[in-house]
Amino acid sequence: MRYDDPQLRELLAGEYVLGTLPARARARFERLMRADPELARLVDLWSARLSPLDAPTRPEPPPPRVWQAIEARLPKVVPLRPRWHESVRVWRRIAVGALAAAAALLIFVLTSLPPAGSGGRVVAVLMDKGGTAGWIATLNPRKGEVVLTAVRPQAIDQAHIFELWAISGRGPPKPLGLMTASLAERATLPSAALPPEGGVLAVSLEPAGGSPTGAPTGPVLYTGKVL
Amino acid sequence: LTAGDPAGMVAAKGGTPFGAMAEAPGTGKGELAALIAGTAAGDRRAFAALYGATSAKLFGVALRILRRRDLAEEALQESFIAVWQRARSFDPEKGEPMTWLIAILRHRAIDQLRRRAARVEGQGQSEAALLTMAAGEDSRADRGAELGALERCLELLEPPARQAVMLAYAYGFTHAELAARLPAPIGTVKSWIRRGLERLKRCLDG
């Protein structure tokens with residue numbers, strides 16, 4: 001089939017929304033749509049055209065178990081885990097170069113985020129040396145906390161964990177706590193722990209239980225300037 | 001009409017006027033858009049409020065399409081997980097919140113229909129009533145001035161094409177299932193749908 005024929009595209013988009021496509025044609029169309037924003041746009045337009053047909057359908061309250069099941073599947077919000085060891089040593093090798101290299105991506109990430117005020121302001125995007133975002137830190141002023149949301153899941157073995165650090169000025173990194181990079185978990189920390197603007201949040205890979213020295217011992221994987 | 005009966009499509013008489021979106025009071029599209037934006041930012045209270053404001057309507061649509069409460073519950077659950085994950089992709093400049101939510105639900109409900117080898121058979125009472133309505137045999141006096149643009153355009157279709165389009169949308173029937181129900185040869189059903197969609201688009205966009 002030729003998917004560049006405008007009439008065919010229009011028809012398939014309409015039939016997709018109508019629900020008439022058989023399973024395989026439907027799956028094929030969905031694959032095309034993911035790679036073709038224009039096709040997705042045609043689908044949106046058909047959804048809007050036909051949506052009045054849903055208007056007369058009577059609302060029916062779903063049983064409470066549906067919401068309970070949904071809630072159970074949301075990411076758990078957990079405080080940063082406490083560290084086992086507390087000691088301070090000087091450490092300041094932060095990959096500042098990576099920050100500049102990743103500026104373009106930062107702008108992309110920020111502009112694709114929801115508007116401020118709806119539930120949190122982005123205060124830092126933590127990126128690796130290649131400019132790939134690992135965590136986004138958002139400030140919730142109402143609750144006085146910063147939430148770290150992992151952008152992509154990273155499986156690590158039981159013997160390791162991610163540790164979050166705050167660096168202000170030329171001072172040594174201050175350990176903030178431990179977290180996983182699971183999409184099912186969001187770490188929170190009090191907003192007072194956030195370094196001032198221009199400071200840096202960094203993530204290093206540490207032995208389970210946290211850095212034994214109080215300074216990062218494993219590789220610093222992610223850094224993000226506080227905005 | 002039982003709770004699980006996909007009767008909503010024919011509730012126009014004495015019920016919700018065709019073309020008017022039934023929403024809980026205090027949750028217009030501005031509020032819903034704000035709740036979706038809050039959900040995109042990870043605000044659980046916004047997400048819970050969004051569920052509270054829209055889940056009954058979405059569950060009604062899921063029941064209409066799937067005709068089984070367990071399947072409708074599953075579709076509703078999967079839809080709200082998708083809403084939580086994809087709330088960022090909603091653009092209030094480009095679409096209505098309720099249309100976006102229903103599209104997510106329809107996507108899952110119809111996928112579920114296609115996955116199931118044997119669908120729940122039987123033409124419900126409401127389907128018969130819908131066929132009658134789609135055929136234009138009911139009285140229009142009680143709907144009068146409230147005819148929406150879509151319904152006005154549907155009136156322009158030949159009755160069998162109108163039936164085919166409305167049944168497909170209401171229940172997610174494939175061409176073959178429509179052919180068995182109307183009844184008509186599958187090639188004829190396909191051309192009704194194709195011509196029906198073309199005319200609807202011209203009428204609605206023009």
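Chain A is the first sequence line, chain B the second, and so forth, proteins listed ahead of strands; every chain is numbered from 1.
Of all the heavy atoms in A168(B) and T20(A), the pair that sits closest is CB-CG2, 3.5 Å. When all heavy atoms are compared, the tightest approach of G14(A) to L197(B) is C-CD1, 3.8 Å. Across Q77(B) and V66(A), no two heavy atoms sit closer than the pair N-CG1, 4.1 Å. Summarising the geometry of P63(A) relative to R69(B), their closest heavy-atom pair is CD-NH2, 4.2 Å, with the distance given to 0.1 Å. Contact record, L53(A) with L154(B): CD2-CD1, 4.0 Å, taken as the closest heavy-atom pair. The nearest pair of heavy atoms linking I110(B) to G19(A) is CD1-CA, 3.8 Å.
Between R194(B) and E10(A) there is no salt bridge, since no side-chain N of the basic residue sits under 4.0 Å from a carboxylate O of the acidic one. A salt bridge between D54(A) and K57(B) is absent, with no side-chain N of the basic residue lying under 4.0 Å from a carboxylate O of the acidic one. Between K190(B) and E15(A), none of the side-chain N atoms (NZ, or NE/NH1/NH2) sits under 4.0 Å from a carboxylate O, so this pair counts as no salt bridge.
Within residues 38-47 of chain A, the residues that have a heavy atom under 4.5 Å from a heavy atom of chain B are R41(A), W46(A), S47(A), listed by number.
To the nearest 0.5 Å, atom OG of residue S51(A) and atom OH of residue Y169(B) are 6.0 Å apart. Here the CD1 atom belonging to I102(B) is positioned 12.0 Å from the CG atom belonging to L50(A), to the nearest 0.5 angstrom.
There is no contact between I36(B) and chain A, counting heavy-atom distances below 4.5 Å. If you measure heavy-atom distances from E73(B) to chain A, the contacts under 4.5 Å come from both the backbone and the side chain.
Applying the salt bridge (Lys or Arg N to Asp or Glu O under 4.0 Å) test to every pair with at least one member in residues 103-113 of chain B, sequence neighbours left out, gives these pairs: R26(A)-D111(B). Applying the ring-ring contact (aromatic ring centres under 6.0 Å, His included) test to pairs two or more places apart or on separate chains, those with a residue in residues 132-156 of chain A are W135(A)-F162(A), W135(A)-Y222(A).
Between F47(B) and I70(A) there is a side-chain heavy-atom pair separated by less than 4.5 Å.
Heavy-atom contacts from other residues, nucleotides or ligands closer than 6.0 Å to CZ of R73(A) number more than 12.
Without hydrogens or angle criteria, R58(A) side chain to V61(B) main chain gives no donor-acceptor distance under 3.5 Å.
A search for ring-ring contact (aromatic ring centres under 6.0 Å, His included) contacts involving Y51(B) returns W67(A), F80(B), not counting sequence neighbours.
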